[in-house]
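Count residues from 1 along the sequence. Excluded from the calculations below are hydrogen atoms, water molecules and symmetry mates; all remaining heavy atoms, backbone and side chain alike, are included. One-based numbering, in listed order, for ligands and for the atoms of each.
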Amino acid sequence: MGLRRSLYKTPAQLRTMVEPGLITAASLDAVRALVAPGVTTEELDAAASAVIRGRGAESNFMLVRGYRHTTCISINDQVVHGIPGSRVLEPGDIVSIDSGAQFQGWNGDSAITVVVPGGDPAVATARQRLSDVTEGSLWAGIAALASARRVGEIGDAVQSSIEAQGSYGILRDYVGHGIGRAMHEGPTVFNYRVPDLGPEVKPGLCLAIEPMVTGGTDVTFVEDDDWTVSTVDGSDGAHWEHSVAVHESGIWVLTSPDGGASALAPFGVTPVPIA
Ligand code: MG
Ligand code: MG
């Protein structure tokens with residue numbers, strides 16, 4: 001039932017995706033500023049919620065059936081889909097926060113990973129490196145999108161970026177997605193090489209690219225809360241995500257205030273604002 005949505009938005013539709021992207025980014029900025037030992041994950045969630053509601057938007061995570069929080073917050077061996085609650089951040093924890101806003105019917109989706117200050121320096125350094133490798137692979141994937149002919153070229157770039165940094169696990173069971181009127185739309189955006197390169201990259205394509213990477217295995221399980229995805233070997237996880245639009249003049253990272261300019265510069269890619 002329902003209308004079959006095109007994978008490719010009109011220029012007017014792309015313009016409506018700018019604001020939910022910026023609200024999503026602002027919600028994560030608020031969370032990042034609060035991350036410290038002793039803070040609970042529900043306090044982080046409340047900060048994201050306040051920003052999203054304060055800007056006249058709503059949490060699109062709450063529109064997902066059965067979910068009652070604004071963010072997913074995943075700590076250490078949890079990779080994605082952790083539920084905010086009474087858990088207290090400890091020094092050296094690696095914390096992934098995933099947030100999304102819906103504004104005037106259009107969606108943004110983004111995630112960051114932060115290492116809580118303090119703790120064992122060796123552990124904290126390894127966790128920061130895992131986060132950096134994951135974030136780097138996200139930007140490599142976004143940079144690839146700028147000149148890609150098919151969506152599958154993103155996963156190739158993400159995987160190559162991670163493999164160049166050492167031995168890491170790339171989750172196979174969780175992937176990126178199209179985004180627009182729904183937070184989750186087609187096409188699937190793999191974080192690894194696949195034989196079928198998928199649909200064409202053309203103006204109007206909007207994708208949420210989101211590598212999920214571990215310091216060990218790529219094998220995960222869902223915890224008893226029916227949401228949290230954790231590694232079976234207890235290795236740490238990291239998750240970075242941006243929503244990105246392809247338009248007539250280039251690409252623009254919707255969930256980054258500068259459109260991704262600073263992070264894409266090393267790749268020789270200059271994002272272009274949506275006119
Ligand atoms: Mg997300
Ligand atoms: Mg997503």
Name of the residue among Asn107, Thr24, Thr70 meeting side-chain hydrogen bond (donor to acceptor under 3.5 Å, both in side chains) with Asn60 |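 The residue from Asn107, Thr24, Thr70 that satisfies side-chain hydrogen bond (donor to acceptor under 3.5 Å, both in side chains) with Asn60 turns out to be Asn107.
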For Trp240 and Ser131, does a side-chain donor sit closer than 3.5 Å to a side-chain acceptor?
->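 Their side chains do contain a donor-acceptor pair, which is all the 3.5 Å distance test asks for.
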Answer yes if the side chains of Asp236 and Asn76 hold a donor-acceptor pair under 3.5 Å, and no otherwise.
->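 Note: Asp236 and Asn76 side chains miss the donor-acceptor criterion.
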Pairing of Glu153 and Arg193 as salt bridge, 4.0 angstrom limit =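 Not counted as a salt bridge, because no side-chain N and carboxylate O are separated by less than 4.0 Å.
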Closer than 2.8 Å to the Mg ion (ligand 2) - protein N, O or S atoms, ordered by chain and residue number |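 For the Mg ion (ligand 2), the protein N, O and S atoms that sit under 2.8 Å away are Asp109 OD2, His177 NE2, Glu210 OE2, Glu241 OE2.
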For Tyr192, check ring pair (Phe, Tyr, Trp, His ring centres under 6.0 Å) against everything at least two apart and list the hits.
->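 Scan of Tyr192 (ring pair (Phe, Tyr, Trp, His ring centres under 6.0 Å), adjacent residues dropped) gives Phe190.
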Is Thr125 reaching over with its side chain to a backbone N or O of Pro121, donor-acceptor style, under 3.5 angstrom?
->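 Yes, the answer is positive, given that a donor and an acceptor are paired below the 3.5 Å cut-off.
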